[in-house]
Amino acid sequence: MANHSYLFSHALCRTPSNSVADGLRAEDQGDPSAEVFRQEHEAYVAALRATGAEVTVLAPDEAFPDSVFIEDAALCLKGQAIMLRPGTETRLGESAALRPDLVKLMNGVIDLETAGFVDGGDILCSDTEVMVGLSARTTRQGAEDLTPIVADLGYALRIVETPADILHFKTESSLLDAETMLATPKLAASGCFDQYRVIHTAEGEEAAANAIRFNDTVFLSSGNPRTAETLDQAGYKVVQLPTTQAALVDGGLSCMSLRFSL
Ligand code: CIR
């Protein structure tokens, strides 16, 4: 199987729970509405399916308010799921809750054994490397213990820094193709993408950086017209999706799926 960092046959999502109103957030701008969140989530799932992928949607898990952000609990690489250790108390159990579904869906499941922590939102995979951004959620110990697991799957792991005040590394960056990243100027200034071409989000459109290249499409959060225009002019097929409710609990497009090929 080739190391295609943006070509996927499958995705796995989880419907937002009613408890999503209790989701974690750095700043309170009001609770998300579970009903509106589910509508936006349905549009997201339909958009992933429209690229030709098979998308499985798991039932809501009321025990975990943030469980719609399924990306944080696992990393899918080469048909294997690596069960991570989310680095905040209310989310640590999401990994074990998700594990049985990944046992059914994936070719294999590997448990990250570590005293540290890693959130999937801090992991950005290109064709050749797995970047892990240290953050308030992801520790050096966790990243170091993940290193041999991804090495066995053919990837070099590179530890990078997530600038302070940014929740996850991919809150402000995403892969556009094998050579190109979309990033906020603030995150790119750390030098982590010096070996890639970088397209910056427009000023005031930092939320656009949490995008996903999924098969032939770059999915971008609605409300970022200048960044959408830049990507369009650079030759990408851009589809905008509403993320108003995810944004209220610090989430975006990448957090809401695990993307993989079998
Ligand atoms: C949290 O604070 O964990 C959630 N409210 C948001 C998680 C967003 N996930 C991501 O950026 N990968």
Side-chain angles (χ1 to χ4, degrees), residues 5-6 23-29 66 69 71-72 75 84 86-88 91 117-126 128-140 142-143 146 157-214 218-234 236 238 240-257:
S5 46
Y6 58 87
L24 298 172
R25 67 207 79 171
E27 251 178 61
D28 196 13
Q29 297 172 280
D66 284 301
F69 303 120
E71 177 187 66
D72 291 320
L75 169 66
L84 301 174
T88 193
R91 303 201 62 194
F117 298 96
V118 180
D119 273 20
D122 283 317
I123 305 177
L124 195 159
C125 300
S126 74
T128 52
E129 64 171 349
V130 171
M131 278 162 261
V132 179
L134 304 183
S135 71
R137 301 284 179 86
T138 294
T139 62
R140 184 171 291 277
L146 184 59
L157 186 146
R158 179 158 64 99
I159 296 178
V160 293
E161 298 288 335
T162 307
D165 303 328
I166 297 177
L167 173 61
H168 286 129
F169 187 68
K170 279 190 302 191
T171 304
E172 296 208 359
S173 66
S174 43
L175 177 129
L176 292 172
D177 60 39
E179 292 90 36
T180 317
M181 301 293 175
L182 174 67
T184 62
K186 179 175 170 179
L187 188 128
S190 70
C192 56
F193 295 139
D194 283 356
Q195 52 276 68
Y196 294 89
R197 182 166 78 112
V198 178
I199 296 181
H200 286 160
T201 53
E203 200 181 337
E205 296 189 359
E206 289 71 20
N210 188 306
I212 358 172
R213 173 72 192 268
F214 190 80
V218 174
F219 292 105
L220 203 67
S221 283
S222 307
N224 298 292
R226 284 171 297 139
T227 306
E229 176 69 13
T230 302
L231 292 175
D232 182 63
Q233 291 194 345
Y236 296 99
V238 178
Q240 300 184 51
L241 291 169
T243 55
T244 62
Q245 304 307 295
L248 290 171
V249 277
D250 300 344
L253 292 171
S254 81
C255 332
M256 294 191 287
S257 54

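Quick caveat: nothing in here was measured; it's all calculated off a predicted structure.
- A heavy-atom distance below 4.5 Å is not found between the side chains of D72 and L84.
- Side-chain contact between L220 and L182 is present, with heavy atoms from C-beta onward closer than 4.5 Å.
- Residues forming a side chain to side chain contact (heavy atoms under 4.5 Å, CB included) with P225 (at least two apart in sequence, or on another chain): E205.
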Output, in order, the C-alpha distance, side-chain angles, deciding distance and verdict of side-chain contact (heavy atoms from CB on, under 4.5 Å) for S254 and K170. CA-CA 8 Å; S254 81; K170 279 190 302 191; 4.3 Å; yes
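- Under a 3.5 Å cut-off, the side chain of S174 and the backbone N or O of A209 do form a donor-acceptor pair.
- Rounded to the nearest 0.5 Å, atoms CG (L167) and SG (C255) are 8.0 Å apart.
- A donor-acceptor pair is defined here as one N or O able to donate and one able to accept, closer than 3.5 Å; such a pair exists between the side chain of D250 and the backbone of A26.
- Between S173 and N210 the shortest side-chain heavy-atom distance does not fall below 4.5 Å.
- Every side chain to side chain contact (heavy atoms under 4.5 Å, CB included) that S222 has, sequence neighbours left out, goes to Q240, P242.
- A distance-only check finds a donor-acceptor pair linking the side chain of T139 to the backbone of F117 [under 3.5 Å].
- With N224 contributing its side chain and A207 its backbone, the two residues share no donor-acceptor pair below 3.5 Å.
- D66 has its side chain out of reach of P86: every pair of non-hydrogen atoms, C-beta onward, lies at least 4.5 Å apart.
- Proximity of L253 to T243: side-chain heavy atoms (C-beta onward) are separated by under 4.5 Å at one or more points.
- Closest of all the heavy-atom pairs between A188 and V198 is CB-CG1, 4.1 Å.
- Within a 6.0 Å sphere centred on CD of Q195, heavy atoms belonging to other residues, nucleotides or ligands number more than 12.
- Taken from CD1 in I159 to CE in M131, the straight-line distance is 13.0 Å, to the nearest 0.5 Å.
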Apply side-chain contact (heavy atoms from CB on, under 4.5 Å) to residues R91 and L24 and explain how you reach the verdict. CA-CA 10 Å; R91 303 201 62 194; L24 298 172; 4.2 Å; yes
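- The closest donor-acceptor contact from the side chain of R213 to the backbone of L176 lies under 3.5 Å.
- Using modelled atom types and a 3.5 Å distance limit, the side chains of D119 and T138 yield no donor-acceptor pair.
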Begin from the C-alpha positions of L146 and I123 and carry the test side-chain contact (heavy atoms from CB on, under 4.5 Å) through to its verdict. CA-CA 11 Å; L146 184 59; I123 305 177; 4.0 Å; yes
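- Identified under the ring-ring contact (aromatic ring centres under 6.0 Å, His included) test for residues 162-197, with sequence neighbours left out: F169-F193.
- Expressed to the nearest 0.5 Å, how far CD of E71 lies from CE of M256 amounts to 10.5 Å.
- L187 places a side-chain heavy atom less than 4.5 Å from the side chain of C192.
- The side-chain heavy atoms of K186 and P163, taken from C-beta on, include a pair separated by under 4.5 Å.
- Checking side-chain atoms of E206 against main-chain N and O of G204 turns up a donor-acceptor pair under 3.5 Å.
- In plain terms, the two heavy atoms of S5 and L175 that are nearest each other are OG-CD2, 3.7 Å.
- Nearest approach of A143 to L157, heavy atoms of both residues: O-CD1, 3.8 Å.
- In the displayed structure, D165 atom CG is contacted under 6.0 Å by at most 12 heavy atoms of other residues, nucleotides or ligands.
- From D122, atom CG reaches atom CG of L75 across 12.0 Å, with rounding to the nearest 0.5 Å.
- For the residue pair S126 and M181, the shortest heavy atom distance occurs at CB-CE, 4.5 Å.
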Walk me through it: do R25 and L248 pass the test side-chain contact (heavy atoms from CB on, under 4.5 Å)? CA-CA 7 Å; R25 67 207 79 171; L248 290 171; 5.8 Å; no
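- With no hydrogens or angles considered, a side-chain donor-acceptor pair links T180 and D177 at under 3.5 Å.
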